[in-house]
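When reading the values below, keep in mind they use all heavy atoms of this one structure, side chains included, and skip hydrogens, waters and symmetry mates. Every chain is numbered from 1, with letters handed out A, B, ... down the list of sequences. Predicted model only: the values in this text are computed from it and were never measured.
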There are 2 protein chains.
Amino acid sequence: MVAASKEGKPYHHGDLRAALLTAAEAELIEKGVDSFSLRGTAKRAGVSHAAPAHHFRDATALLDAVAAVGFSRLADTMRGEQALAGPGKSEQFVAAGVGYVRFAIDNPEMLELMFGRSRTDGDHPDLARHAEAAFSVLVNAVGHIRGRHVFKSEEGWRDVAACWSMVHGYAQLVISGRMGFVATLEFDEQRGVIEDLMRRALPDSAFRMRDDSAVPTQSGRPSF
Amino acid sequence: MVAASKEGKPYHHGDLRAALLTAAEAELIEKGVDSFSLRGTAKRAGVSHAAPAHHFRDATALLDAVAAVGFSRLADTMRGEQALAGPGKSEQFVAAGVGYVRFAIDNPEMLELMFGRSRTDGDHPDLARHAEAAFSVLVNAVGHIRGRHVFKSEEGWRDVAACWSMVHGYAQLVISGRMGFVATLEFDEQRGVIEDLMRRALPDSAFRMRDDSAVPTQSGRPSF
DNA sequence: TTGAGTACTTTCCACTGAAAAGATAACCTC
DNA sequence: GAGGTTATCTTTTCAGTGGAAAGTACTCAA
């Protein structure tokens with residue numbers, strides 16, 4: 001970290017990597033994910049358009065890093081809602097879903113980036129790690145209700161898949177403007193809707209005894 | 001429609017609009033939604049890169065038209081699954097969801113295009129019409145179970161929102177490779193999973209009596 | 001002080017979507 | 001048919017993109 005010299009901008013930025021992440025997010029929010037421009041990002045950060053290449057291999061790598069920040073913030077938002085909710089397992093579970101949707105509504109372009117098909121977070125361990133951490137918030141919420149042993153069976157992962165599908169689908173449809181009946185609501189007024197959805201996804205009793213007798217598969221579980 | 005002259009290609013294509021739609025879909029499938037190239041599409045169709053401008057205002061308009069085809073095919077796929085399923089309301093409902101997921105798996109790039117945030121189908125009546133038609137397949141399936149009167153209340157739209165969110169979220173997560181535990185399954189083996197999800201979204205009895213007493217709002221209902 | 005390496009800029013290239021203007025063929029009226 | 005009109009398609013051009021390559025400015029260690 002280098003202090004800026006008094007006159008003019010210094011040749012060395014000092015912390016360009018962090019500045020680029022910030023600039024890239026601003027660019028993302030303003031231009032949208034498919035009009036995102038690396039040059040525009042560089043201009044925002046006040047450097048030449050080729051400077052980012054020193055910190056990120058290419059534009060995709062930069063966006064991957066932005067997505068990693070997004071997953072980290074998604075986890076924070078979910079945990080934040082949980083902190084505000086009551087201590088019961090059920091309330092904590094619902095709060096995780098509420099946080100998910102809140103994040104989506106507050107960061108629609110980010111969600112698009114994070115879950116777009118073009119992202120291949122297999123080859124970006126940092127991204128995968130942050131995504132995994134966000135995922136675990138939801139998994140834990142389900143686990144506290146069902147009991148952690150459920151993750152030894154496929155059925156437990158079905159519960160997770162249902163909850164995740166529900167909340168993710170809802171979030172995506174809301175931010176793409178396809179959920180007209182909640183569009184006019186303040187977020188707090190949506191809480192009831194989200195709670196309804198979450199309870200449907202993880203019903204108290206139904207479908208518990210279905211016997212699929214599939215081999216427990218840790219490697220094949222759903223994950224971010 | 002004009003027959004191609006015997007030698008060389010004729011100056012006038014004959015049905016360039018249709019050819020461009022086909023070429024654009026091939027380009028979409030091959031390059032992906034964010035590497036899609038108008039010039040590449042024109043080359044596929046065997047015309048100059050400026051020719052498409054006569055049939056589609058710009059690249060976005062072309063992709064909107066492709067998305068409209070996609071919605072039409074989505075509706076076909078859902079109805080196709082329903083035709084194969086038993087006649088019961090419940091089976092028909094599940095089949096709609098199965099068709100939705102099948103379409104997504106068979107046309108992942110298309111789904112990305114159709115539901116991406118950048119699509120603004122408000123100003124594209126044709127796209128909106130096809131999307132609406134696909135939507136109605138799902139709505140009707142719910143309506144047959146719940147009774148058509150439910151759409152006079154917000155509760156009915158909640159049922160639709162739940163089913164749609166569930167199936168859409170699942171489809172998106174599957175095609176973006178985030179549902180590991182089904183990735184190795186043949187599609188037919190996924191049917192049980194999808195049926196499970198659909199039944200969770202529209203439980204037989206639960207949550208029916210919740211009294212939200214919201215004003216019936218036809219204009220605010222969820223829609224494609 | 002100097003040599004080496006890192007951070008950044010400048011220049012360049014191939015590609016993109018779009019606009020403008022020119023070329024060709026089909027249509028329409030007579 | 002013949003002529004004019006119009007729609008379709010091509011060529012040219014331009015601004016903008018990401019990335020490669022080469023040059024410049026700075027830092028730091030010996």
By the 4.0 Å heavy-atom rule, please label B/F36 as base, sugar-phosphate, or nothing.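 If one applies the 4.0 Å heavy-atom cut-off, B/F36 turns out to touch the sugar-phosphate alone, with no base involved.
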
Salt-bridge criterion met for A/R191 and A/D196 (N-O under 4.0 Å):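 Salt bridge absent between A/R191 and A/D196.
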
Salt bridge (charged side-chain N to carboxylate O under 4.0 Å, His left out) partners for B/R73, two or more places apart: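 Once residues adjacent in sequence are excluded, the partners of B/R73 under the salt bridge (charged side-chain N to carboxylate O under 4.0 Å, His left out) criterion are B/E25.
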
How many whole angstroms separate atom [atom1] of [X] from atom [atom2] of [N]?
X: B/F56; N: C/dA18; atom1: CZ; atom2: P; result: 13 Å
X: B/K43; N: C/dA14; atom1: NZ; atom2: P; result: 14 Å
X: B/L38; N: D/dT10; atom1: CG; atom2: P; result: 13 Å
X: B/D58; N: C/dG17; atom1: CG; atom2: C1'; result: 9 Å
X: B/L16; N: C/dA25; atom1: CG; atom2: P; result: 16 Å
X: A/D34; N: C/dG17; atom1: CG; atom2: C1'; result: 14 Å
X: B/L20; N: D/dC9; atom1: CG; atom2: P; result: 8 Å

Let me spell it out: for each of A/R57 and B/H54, pick the nucleotide of DNA chain D with the closest heavy atom. Which residue's pick is nearer the 5' end?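 Result: B/H54.
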
Test of understanding: with side-chain hydrogen bond (donor to acceptor under 3.5 Å, both in side chains), list the residues that count as partners of A/R102, not counting sequence neighbours.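 Only A/E81 meet the side-chain hydrogen bond (donor to acceptor under 3.5 Å, both in side chains) criterion with A/R102.
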
Please enumerate all residues that pass side-chain hydrogen bond (donor to acceptor under 3.5 Å, both in side chains) together with B/E30, with sequence neighbours excluded.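 Checked B/E30 against side-chain hydrogen bond (donor to acceptor under 3.5 Å, both in side chains); matches are B/R44.
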
Within the structure, does a side-chain N or O atom of A/S37 lie under 4.0 Å from either OP1 or OP2 of D/dG16?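 No, outside the criterion.
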
Is any side-chain N or O of B/H55 closer than 4.0 Å to OP1 or OP2 of D/dA7?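 False: B/H55 side-chain N/O out of range (4.0 Å or more) of D/dA7 OP1/OP2.
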
Polar contact flag, side-chain donor to acceptor under 3.5 angstrom, B/W164-A/Y170: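 Checked: B/W164/A/Y170 side chains show no N/O donor-acceptor pair below 3.5 Å.
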
Pairing residues for A/L84 by the side chain to side chain contact (heavy atoms under 4.5 Å, CB included) criterion, not counting sequence neighbours: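 A/L84 satisfies side chain to side chain contact (heavy atoms under 4.5 Å, CB included) with no residue once adjacent residues are dropped.
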
Can you list the residues that meet the side chain to side chain contact (heavy atoms under 4.5 Å, CB included) rule with A/A24, with sequence neighbours excluded?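 A/F36, A/T41, A/L62, A/V66.
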
Are any protein N/O atoms closer than 3.5 Å to N/O atoms in nucleotides 11-15 of chain D? If there are, list each pair with its distance.
unit_1	atom_1	unit_2	atom_2	d
D/dT12	O4	B/H49	NE2	3.0

